[in-house]
Amino acid sequence: MQQTKRILVTGGAGFLGSFLCERLLGEGHEVICVDNFFTGSRRNVSHLLDNRSFEIIRHDVTFPLYVEVDEIYNLACPASPVHYQDDPVQTTKTSVHGAINMLGLAKRVRAKILQASTSEVYGDPEIHPQTERYWGRVNPIGPRACYDEGKRCAETLFFDYWRQHRLRIKIARIFNTYGPRMRPDDGRVVSNFIVQALQNEPITVYGTGQQTRSFCYVDDLIDGLVRMMQTGDDVIGPINLGNPVEFTMLELANLVIEITGSRSRISLLPLPIDDPRQRQPDIGTALRELNWEPRTTLRDGLVKTIAYFEGLVSSGYLRPAAAE
Ligand SMILES: NC(=O)c1ccc[n+]([C@@H]2O[C@H](COP(=O)([O-])OP(=O)(O)OC[C@H]3O[C@@H](n4cnc5c(N)ncnc54)[C@H](O)[C@@H]3O)[C@@H](O)[C@H]2O)c1
């Protein structure tokens, strides 16, 4: 039987964090969810509040935290450009001070700690697909730098705590992940397209729509994070977690239109600054070290995600499509 652990999930009321809390509770662990509710919400974890093994604390990770735990998943950080660019100084602080505080906590209580890093550490890459050995091509002074460089610095801190203090660390580099509980207003491509399609509004595709992304369904991603935490101390990463199957933005838009049965048309807009043209994970390390690869097809994942957004429309949280 698996041993019950006390596990801290920072950013636990966010999109990924809420699924992670759910998964860990399901495995019989005690979960402390820490969140300042900047982009997350109680609503994401409301179904867990009655669980006696679940505790939620309103706290900003840029300040120190004192709790007794066995493992820490450090997910606190706004992940979508609209939110991380809203207060870029706070974004860098969340990544950097947040990492220092959580690493300090892990050191004090001798906890294992996993960092939710990102494919953004590769910036606008010159190699495809990206392997973990690639050092990236990031603009350090652009509008995305608060997030990209904050996450890069967090990785540096994790490695320094490992080298200097022999802390048990894990770094997962997460690629685009989607699923239920994404915020309708977060400007991420999957949620954007779904909301536009459900409202029969034009689907806004940037550039020519030929730039590609790979999309990982949330359940697959959470499984990868948990597997990584369960590895021995020699597995520290970084390990790419994402779906290597690439789709162009136009293909994604057309699939969303088809599944929702929407009357939306596609509208092409200028490409934002520093928007990467292509991103695709090489997941060879995850396959080897974690025996992990995504299982959910884009169509299956979209069907579940669209059902969630349809629920938001029927509950009045999202505006329904205008009548013809
Ligand atoms: N979803 C993706 O595609 C993706 C891709 C790469 C990396 N990631 C990483 O995974 C993590 C979770 O992302 P997500 O998609 O669930 O985003 P999210 O915005 O839904 O979740 C982030 C959570 O962190 C909380 N938070 C933000 N600043 C905080 C602070 N200072 N103190 C405490 N809590 C704070 C937010 O309120 C939110 O609940 C992030 O670290 C993100 O960088 C996500």
Side-chain angles (χ1 to χ4, degrees), residues 8-22 32-45 56-65 72-102 105 114-122 130 144 146-155 158 171-192 213-222 224-225 228 238-243 276 279 281 294 301 305:
L8 170 63
V9 179
T10 75
F15 159 48
L16 297 182
S18 60
F19 280 97
L20 179 59
C21 290
E22 209 173 288
I32 302 178
C33 162
V34 158
D35 208 295
N36 70 350
F37 303 116
F38 174 51
T39 48
S41 74
R42 267 179 199 278
R43 197 164 168 268
N44 286 339
V45 287
I56 186 160
I57 304 175
R58 179 190 284 269
H59 175 81
D60 185 324
V61 294
T62 62
F63 296 96
L65 178 73
I72 303 170
Y73 287 85
N74 188 35
L75 270 63
C77 187
S80 79
V82 277
H83 292 122
Y84 70 63
Q85 289 173 12
D86 177 61
D87 185 348
V89 174
Q90 173 67 9
T91 299
T92 304
K93 277 189 185 169
T94 295
S95 278
V96 178
H97 292 197
I100 292 170
N101 287 327
M102 291 310 121
L105 173 65
L114 181 146
Q115 167 69 356
S117 191
T118 169
S119 56
E120 300 288 338
V121 301
Y122 299 123
Q130 290 88 50
R144 300 173 77 107
C146 57
Y147 183 73
D148 304 2
E149 295 290 17
K151 288 285 189 180
R152 285 167 69 95
C153 183
E155 288 199 7
F158 268 69
I171 294 178
R173 288 188 180 150
I174 303 171
F175 284 65
N176 266 345
T177 302
Y178 70 100
R181 296 190 207 137
M182 294 182 88
R183 284 172 59 127
D185 64 344
D186 74 2
R188 286 192 253 191
V189 64
V190 175
S191 46
N192 260 5
R213 290 288 185 279
S214 55
F215 302 101
C216 185
Y217 186 64
V218 60
D219 288 352
D220 289 332
L221 192 277
I222 297 302
L225 292 180
M228 188 165 185
I239 297 184
N240 289 339
L241 293 179
N243 196 327
R279 225 19 119 38
T305 311

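Numbering of ligands and ligand atoms starts at 1, following listing order. Every heavy atom of this structure was used, including side-chain atoms; hydrogens, water molecules and symmetry mates were not. These figures come from a predicted structure and were not determined experimentally.
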Short side-chain to backbone donor-acceptor contact, D60 and N36, under 3.5 Å: no

For R152, all residues meeting side chain to side chain contact (heavy atoms under 4.5 Å, CB included), sequence neighbours excluded: V121, V138, E149

Contact atoms of ligand 1, heavy-atom distance to G40 under 4.0 Å: 36 (C), 37 (O), 38 (C), 39 (O)

Ligand 1 contacted by S117 (non-hydrogen, < 4.0 Å): yes

Donor-acceptor pair, side chain of K93 and main chain of V61, under 3.5 angstrom: no

Nearest neighbour in protein (non-hydrogen) for atom 30 (C) of ligand 1: N36 ND2, 3.3 Å

Residue-ligand contact R183/ligand 1, heavy atom below 4.0 Å: no

Any K93 heavy atom less than 4.0 Å from ligand 1: no

Candidate pair N74 and T10, rule side-chain hydrogen bond (donor to acceptor under 3.5 Å, both in side chains), full reasoning: CA-CA 5 Å; N74 188 35; T10 75; 2.7 Å; yes

Shortest protein contact, atom 12 (C) of ligand 1 (heavy atom only): L75 O, 3.6 Å

Interfacing atoms of ligand 1 (cut-off 4.0 Å, heavy-atom, F37): 37 (O)

Under 4.0 Å to a heavy atom of H59 - the qualifying atoms of ligand 1, by number: 32 (N), 33 (C)

Atom 16 (O) of ligand 1 - nearest protein heavy atom and its distance: L16 N, 2.8 Å

Under 3.5 Å: N/O of V34 near N/O of ligand 1: no

Any donor-acceptor N/O pair, T91 side chain to Y84 backbone, under 3.5 Å: yes

contact_flag G98 ligand 1 heavy-atom lt 4.0 Å: no

Under 3.5 Å: N/O of T94 near N/O of ligand 1: yes

Test item: R183 and H83 side chains (from C-beta on) under 4.5 Å apart, heavy atoms: yes

Residue G11 vicinity, atoms of ligand 1 by number, heavy atom under 4.0 Å: 23 (C), 24 (O), 25 (C), 39 (O)

From CA spacing to verdict: side chain to side chain contact (heavy atoms under 4.5 Å, CB included), Q90, F38: CA-CA 11 Å; Q90 173 67 9; F38 174 51; over 6 Å; no

Closest approach of any protein heavy atom to atom 21 (O) of ligand 1, naming residue and atom: G14 CA, 3.6 Å

Salt bridge (Lys or Arg N to Asp or Glu O under 4.0 Å) partners of D86, counting only residues at least two apart: none

Sub-3.5 Å N/O-N/O distance, P78 and ligand 1: no

Side chain, backbone, both or neither: the part of Q90 lying under 4.0 Å from ligand 1 by heavy atom: side chain

For atom 4 (C) of ligand 1, the protein heavy atom that lies nearest, with its residue and separation: I174 CG2, 3.9 Å

Pair R144 + E120, salt bridge at N-O below 4.0 Å: yes

Heavy-atom gap E120 to ligand 1 smaller than 4.0 Å: no

Polar side-chain atom of S214 near backbone of N243 as donor-acceptor pair, under 3.5 Å: yes

Note, L221 side chain near F175 side chain (heavy atom, < 4.5 Å): no

D35 near ligand 1 by a heavy-atom separation under 4.0 Å: yes

Polar side-chain atom of T62 near backbone of H97 as donor-acceptor pair, under 3.5 Å: no

Closest protein heavy atom to atom 19 (O) of ligand 1, given as residue, atom name and distance to 0.1 Å: T39 OG1, 2.6 Å

Which of the ligand 1 atoms, numbered from 1, are nearer than 4.0 Å to a heavy atom of A76: 24 (O), 33 (C), 34 (N), 35 (C)

Verdict with reasoning, L8 to M102, per side chain to side chain contact (heavy atoms under 4.5 Å, CB included): CA-CA 10 Å; L8 170 63; M102 291 310 121; 4.1 Å; yes

Closest approach of any protein heavy atom to atom 22 (C) of ligand 1, naming residue and atom: C77 O, 3.2 Å

Contacting atoms of ligand 1, where contact means under 4.0 angstrom from a heavy atom of A13: 39 (O)

Shortest non-hydrogen contact from A154 toward S95: CB-O, 3.8 Å

R188 near ligand 1 by a heavy-atom separation under 4.0 Å: yes

4.5 Å side-chain heavy-atom contact, D186 and T39: no

Option with minimal heavy-atom separation from atom 3 (O) of ligand 1, where the choices are D60, V190, T177: T177

Side-chain (N44) to main-chain (A13) donor-acceptor, under 3.5 angstrom: yes

Aromatic ring pairing Y178/F215, orientation class (parallel under 30°, perpendicular over 60°, tilted between): perpendicular

Y147 and ligand 1 - part of the residue with a heavy-atom distance under 4.0 Å: side chain

Which of the ligand 1 atoms, numbered from 1, are nearer than 4.0 Å to a heavy atom of K151: 40 (C), 41 (O), 42 (C), 43 (O)

Per-atom contacts of ligand 1 with N176, taking only distances under 4.0 Å to non-hydrogen atoms: 3 (O)

Identity and separation of the nearest protein heavy atom to atom 20 (O) of ligand 1: F15 N, 2.9 Å

